[in-house]
2 protein chains.
Amino acid sequence: MTAGSKADGAPKRVPLADQLRAELATGRFAPGQRLVEADLTERFQASRTRVREALQHLAAEGYVEHLPNRGSRVRRLSRRDVRQIYELREVVEGLAARRAALGIGDPDLRHGLHALWAEMEMAARTGDVARYLPLNTRLHDRLIRADGSVYLQAAAERLRVPILRLQFEVLMTTPNLQLSHDQHAEILSAIEAGHGEGAEIAMRKHLRSSFEAVWALPDELFDR
Amino acid sequence: MTAGSKADGAPKRVPLADQLRAELATGRFAPGQRLVEADLTERFQASRTRVREALQHLAAEGYVEHLPNRGSRVRRLSRRDVRQIYELREVVEGLAARRAALGIGDPDLRHGLHALWAEMEMAARTGDVARYLPLNTRLHDRLIRADGSVYLQAAAERLRVPILRLQFEVLMTTPNLQLSHDQHAEILSAIEAGHGEGAEIAMRKHLRSSFEAVWALPDELFDR
DNA sequence: CTCCCCCGGATTGTCTGACAATCTTGTATG
DNA sequence: CATACAAGATTGTCAGACAATCCGGGGGAG
């Protein structure tokens, strides 16, 4: 996977931001942890120029917070943040679900969702959280992309990714996986039926439920 | 410690991105125009480092589009973009209006809206488009901020700003100013009454109407 | 005359090294 | 025990350089 050295195509562009983002998404860095430029230059064998560029990107995306003259750190969310994020997610992803239902005529979408659903069934039956969470992400991703709106996609992504870590905690520490799975079923069912209104309602219900589960997490996981 | 030291006007730390953004918002640059780094370094008397940083920021915000190895240019919107943007704006700003209505208890908000409204009345009566548009912007801004959600604010801003130029065309070339003004009245009326549902509906109606007006603009103003 | 290839200029992507500005922290001082 | 100061760490910005890439145009082949 790493640097395709000689034979294969040049290492071309592996934007540093992508690597960092991937590590952040999987929780490799602790929230609140400082991201010192000098450390990153060594860790990734890149110049400070590129490290700073990557950090700016991630800050713009909300993964990282940047304080003037004080550097960057992995974003920590307060309960207030979480509430505001979910409030917005409800309308944004609600719209996405509605649009996906209206666009279910597209075979690509239909098959994609079907395949995804099969995998999720597997993971849910075995209660395999580590496998379910990425599938969950991919499902929401697929729905967000269904409409082909880069704006919808960008807005939704910015809201979804920062709370991935908390979502992981939720699925880990409670029997919420099955509940979440049932709600996904409801959403997909409405979408497959081409029922936009129902899909939106189901999605909003799902997100509100997800919010409540996150809200119930212990204080240590939040900022402030 | 408001102003600079002695002879104000000294190079204070005004982020380059802010200057550029302001110029873009007022349409000083033509859409599609290339933004060559070397030109900007001279124009703003800044190093390429800072110019590139600013461009990245603006690209992340959607004001500017950046093509690898081909530089940056002022973003041009296609009709497709406009449709997608308005679709999202409807739910995002609809939420903002609803929240503003629920938070109308705050005197700051109430007075702020009142003062704004008075100014807008003036501008509308005289048909002064150049004065109305900024007020329109400030009104939407105020509503978006009412809830104090940075996420809502960021999402809405990213959607609103790219179409400012088109909106200006709309208000200029048609008698739509009065129509828009009436719709603003409807929105504010619902908000002042603390009627969240009504505020959201009025806002969505307003945006749909605005979209139709933009859509009717001639092809030359769109990309592709 | 038209098409295609290649060249040089223009521009971007990245690196290096440097230095000032600013924040942080440990320590001496009252 | 609070405070001020000095040293160290880190970020912000700069200039200059060079490779990579793109763009437009000139020449040559057909």
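So you know, we letter chains A, B, ... as the sequences are listed, proteins then strands, and number each from 1. These numbers come from the heavy atoms of this one structure, side chains and all, not from hydrogens, waters or symmetry mates. Keep in mind that this is a model prediction, so the values were computed, not measured.
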Tell me whether [X] contacts the main-chain N or O of [Y] through its side chain, where contact means a donor paired with an acceptor under 3.5 Å.
X: A:Gln19; Y: A:Leu16; answer: no
X: A:Arg75; Y: A:Gly62; answer: yes
X: A:Gln84; Y: B:Gly148; answer: yes
X: B:Asp141; Y: B:Arg138; answer: no

Under the salt bridge (charged side-chain N to carboxylate O under 4.0 Å, His left out) criterion, do A:Arg34 and A:Asp39 qualify, and how do the steps go? CA-CA 10 Å; A:Arg34 286 196 60 186; A:Asp39 295 347; over 6 Å; no

Can you give me the bend angle of the helix from C:dC1-D:dG30 to C:dG30-D:dC1? Use the axis through the first five pairs and the one through the last five, nearest 10 degrees. 10°

Answer yes or no: is there a side-chain heavy-atom contact under 4.5 Å between B:Glu157 and B:Arg145? yes

Please give, in whole Å, the distance from [N] [atom2] to [X] [atom1]?
X: B:Arg73; N: D:dC22; atom1: CZ; atom2: P; answer: 14 Å
X: A:Glu53; N: C:dT12; atom1: CD; atom2: P; answer: 14 Å
X: B:His57; N: D:dG12; atom1: NE2; atom2: C1'; answer: 13 Å
X: B:Leu35; N: C:dT12; atom1: CG; atom2: C1'; answer: 14 Å
X: B:Glu37; N: D:dT21; atom1: CD; atom2: C1'; answer: 13 Å
X: B:Leu67; N: C:dT11; atom1: CG; atom2: P; answer: 16 Å
X: B:Leu16; N: D:dC14; atom1: CG; atom2: P; answer: 9 Å
X: B:Arg52; N: D:dT13; atom1: CZ; atom2: P; answer: 15 Å

Closer than 4.0 Å, any side-chain N/O of A:Arg50 to the OP1 or OP2 of C:dC15? yes

Tell me whether the OP1 or OP2 atom of D:dG12 has a side-chain N or O from A:His66 closer than 4.0 Å. yes

Straight-line distance of A:Ile187 CD1 to A:Glu200 CD, nearest 0.5 Å: 11.5 Å

Please figure out whether A:Ala38 or B:Ser47 has its closest DNA chain D nucleotide nearer the 5' end. A:Ala38

Comparing A:Gly71 and B:Ala46 on DNA chain D - which has the more 5′ nearest nucleotide: A:Gly71

Output one letter per nucleotide in nucleotides 17-24 of chain C: B when a protein non-hydrogen atom lies under 4.0 Å from the base, S when only the sugar-phosphate is that close, - when neither is. -B---SSS

Is any side-chain N of the basic residue among B:Arg21 and B:Asp18 closer than 4.0 Å to the acidic one's carboxylate O? yes

Is there a salt bridge (charged side-chain N to carboxylate O under 4.0 Å, His left out) between B:Asp223 and B:Arg79 once you walk through the steps? CA-CA 7 Å; B:Asp223 189 40; B:Arg79 285 185 184 274; over 6 Å; no

